[in-house]
2 protein chains.
Amino acid sequence: MRNLCEDVGAVNFSEKTPVSNQQIQNAYHHGNLSSDILQRAVEIIDEQGLDALSLRGIAKDLGVSHAAPNRHFKNKASLLSAIATGGWMQLRDATLKAADATASDNPNVRLNAMGRGFMRWALRNRALFRTLLHPDVARFADDDLTEAMLEFSASVSDAVQASQRQGRLSDVPLPIVSLFTNAVPMGAALLLINPLLSADHPDFEQFEEEELIHQVINLVVPI
Amino acid sequence: MRNLCEDVGAVNFSEKTPVSNQQIQNAYHHGNLSSDILQRAVEIIDEQGLDALSLRGIAKDLGVSHAAPNRHFKNKASLLSAIATGGWMQLRDATLKAADATASDNPNVRLNAMGRGFMRWALRNRALFRTLLHPDVARFADDDLTEAMLEFSASVSDAVQASQRQGRLSDVPLPIVSLFTNAVPMGAALLLINPLLSADHPDFEQFEEEELIHQVINLVVPI
DNA sequence: AAACATAAGTAGACGACGTCTACATTAGTT
DNA sequence: AACTAATGTAGACGTCGTCTACTTATGTTT
């Protein structure tokens, strides 16, 4: 069960290899079933939405029997948990890498980069990002998922705190600053992703994605 | 079909009357079935989550046959659409009333109040708020839902534009300001609602809800 | 190398669900 | 009073999640 988490970390969901790195060991034992299931699940969510996701459908797509996925995921909720766990890990890596890429030790520069890294990842992994925020994911969160979430959250919190020591919004309580700082990339990404919500802003077409992200994040963490 | 929308507007989801204002006309014809279905649906989402919502379950709870709901909602997606339509209407009313309650014509004061009204509503109608943002709701949005969403969006856009004419962030393109302004209450509410995400901020317990909202919104729309 | 526990797959069954069709009952109009 | 539309019922169908019992491969122990 715990090693599932490491599996997830290793899989790159966004790379769409043709569903099987499977070094077909033989016809009976599939080889990479659990990671193939995760990969296919994200594809389905992307293409047909979360309510079109079924364990049986995945099994059929992968050419295994309908009950095979049960050997790797206790139930559907735990599949969602595993997907979300991998997503939070990716999101944390993306934000931290963005901070490191600045090669700066200015907390504001780093925090700004993290905000942009967050949005960039969210906009390029839309289905996965939506899954992270899905109510039923949080509801049935297992320990792995909770841990991954907390790790992400801690890495952001540290950066916010550092920037506050640098003087950014230093007169506002930390939890408030933290909430505010997290809310902008999260809310903005959600708004941009939602077809309903961005439908009334065809204005956005005038911006390059990177430019749009840049301008929004600058309003939260000026540099 | 169109009149469904008016039904929704009339129902107050948050009032938990014991499921039936039904003036039981007789045993066969239920009387208020469609609005009772909506009401019960929101209760279920609140208590057991969206994936526990079933048309058959609602029918059983209301004491009608399993196929009765199909007379009022073409399918499950259209039930979700109707729920969301009512939600957006409530949300728009809540924000506009908050603005009017200031009895001010200062655009910044009004916009600030709208942000607080938004968050207040979201935190007090959590299940409904989550449903508004549910990916499968947007995916199968019908015309009523789209219209309700656009009406909400327009009312916020107007307020943002007015505040920009007043000098707030006047050097930033309107779509960016709009995105930023919307992102904060939406993201903040989402973060506060998510049990996973707010778990690492037990810090929030030190704040009254209203005080918390006040401080966060002041960071987006200072007055 | 043989024996054996365990991991990983299969087939079949069960109840719940969404949705369709055919039919029954009531409400409203003419 | 008769007709039509709205609203509810019963039954059926295919899909789904999940459980159980069984089968096959893997890998460790002896």
Side-chain angles (χ1 to χ4, degrees), chain A residues 1-4 6-7 20-38 40-41 44-45 48-83 134 136-137 139-140 142, chain B residues 1-4 6-7 20 22-38 40-41 44-45 48-83 136-137 139-140 142:
Chain A
M1 180 54 84
R2 185 61 185 76
N3 64 345
L4 241 179
E6 286 154 344
D7 279 358
S20 46
N21 314 327
Q22 66 183 232
Q23 51 262 30
I24 301 179
Q25 310 194 0
N26 69 60
Y28 199 92
H29 276 356
H30 179 281
N32 299 355
L33 190 52
S34 81
S35 51
D36 276 7
I37 288 174
L38 283 167
R40 181 70 192 129
I44 290 174
I45 295 173
Q48 294 146 264
L50 223 165
D51 69 343
L53 185 72
S54 78
L55 293 174
R56 291 178 102 112
I58 294 173
K60 187 177 294 183
D61 290 351
L62 298 179
V64 294
S65 78
H66 70 268
N70 293 103
R71 293 285 163 203
H72 301 273
F73 302 94
K74 208 184 69 211
N75 50 36
K76 194 176 177 179
S78 87
L79 170 60
L80 284 195
S81 267
I83 292 172
H134 195 282
D136 290 328
V137 168
R139 179 178 295 266
F140 301 113
D142 60 20
Chain B
M1 180 56 80
R2 186 61 185 76
N3 66 344
L4 242 177
E6 286 155 346
D7 278 359
S20 45
Q22 67 183 229
Q23 50 260 31
I24 300 178
Q25 310 195 1
N26 68 60
Y28 199 92
H29 277 356
H30 179 282
N32 298 353
L33 191 50
S34 81
S35 52
D36 276 6
I37 288 175
L38 282 167
R40 181 71 191 130
I44 290 175
I45 294 174
Q48 294 146 268
L50 223 165
D51 69 344
L53 186 70
S54 78
L55 293 172
R56 290 177 102 111
I58 294 172
K60 187 178 293 182
D61 291 352
L62 298 180
V64 294
S65 78
H66 68 267
N70 294 102
R71 295 282 166 208
H72 301 272
F73 301 95
K74 204 184 72 209
N75 50 35
K76 195 176 177 180
S78 87
L79 171 60
L80 285 195
S81 267
I83 293 172
D136 291 328
V137 168
R139 179 178 295 268
F140 301 113
D142 59 20

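In what follows, every heavy atom counts, from backbone to side chain, and hydrogens, waters and symmetry copies are set aside. The sequence lines fix the lettering, A, B, ..., with proteins before strands; numbering per chain opens at 1.
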- [ ] Check the distance between dT20(D)'s P and Arg71(A)'s CZ and give it to me in whole angstrom.
- [x] 11 Å

Using nucleotides 16-19 of chain D, report all nitrogen or oxygen pairs with the protein that are shorter than 3.5 Å.
{"from": "dC16(D)", "atom 1": "OP1", "to": "Ser54(A)", "atom 2": "OG", "distance (Å)": "3.4"}
{"from": "dG17(D)", "atom 1": "OP1", "to": "Leu55(A)", "atom 2": "N", "distance (Å)": "3.1"}
{"from": "dG17(D)", "atom 1": "OP1", "to": "Lys76(A)", "atom 2": "NZ", "distance (Å)": "3.4"}
{"from": "dG17(D)", "atom 1": "OP2", "to": "Leu55(A)", "atom 2": "N", "distance (Å)": "2.9"}
{"from": "dG17(D)", "atom 1": "OP2", "to": "Arg56(A)", "atom 2": "N", "distance (Å)": "3.1"}
{"from": "dG17(D)", "atom 1": "N7", "to": "Arg56(A)", "atom 2": "NH1", "distance (Å)": "2.5"}
{"from": "dG17(D)", "atom 1": "O6", "to": "Arg56(A)", "atom 2": "NH1", "distance (Å)": "2.6"}
{"from": "dT18(D)", "atom 1": "OP2", "to": "Lys76(A)", "atom 2": "N", "distance (Å)": "2.8"}
{"from": "dT18(D)", "atom 1": "O4", "to": "Arg56(A)", "atom 2": "NH1", "distance (Å)": "3.2"}

Open item on the list: Rounding to an integer number of Å, can you tell me how far Phe73(A) CZ sits from dA8(C) C1'?
Closed with: 14 Å

- [ ] Might you point out which heavy atoms bring Ile44(A) and Asp61(A) nearest each other, and give the distance in Å?
- [x] CD1-OD2, 3.9 Å

Task: OG-NZ distance between Ser65(B) and Lys60(B), expressed to the nearest 0.5 angstrom - done: 12.5 Å

Task: Taking every non-hydrogen atom, the tightest pair across Arg40(A) and Leu62(A) - done: CB-CD2, 4.4 Å

- [ ] Start with the C-alpha gap between Asp51(B) and Asp51(A), add the side-chain angles, then the distance that decides, and say whether side-chain contact (heavy atoms from CB on, under 4.5 Å) holds.
- [x] CA-CA 9 Å; Asp51(B) 69 344; Asp51(A) 69 343; over 6 Å; no

TODO: Would you mind reading off the distance between Asp36(A) atom CG and dA8(C) atom P, rounded to a whole angstrom?
DONE: 14 Å

TODO: Considering just the side-chain nitrogens and oxygens of His72(A), establish if one lies under 4.0 Å of OP1 or OP2 belonging to dA7(C).
DONE: no

Open item on the list: Measure CG/Leu62(A) against C1'/dG9(C) and give the value in whole Å, please.
Closed with: 13 Å

TODO: Send over the distance from Ile37(A) CD1 to dA8(C) P, rounded to a whole Å.
DONE: 11 Å

- [ ] Quick one: list whatever passes side chain to side chain contact (heavy atoms under 4.5 Å, CB included) with Arg139(A), sequence neighbours left out.
- [x] Asp136(A)

Task: side-chain contact (heavy atoms from CB on, under 4.5 Å), paired with Leu38(A), selected from Asn32(A), Leu33(A), Ile83(A) - done: Ile83(A)

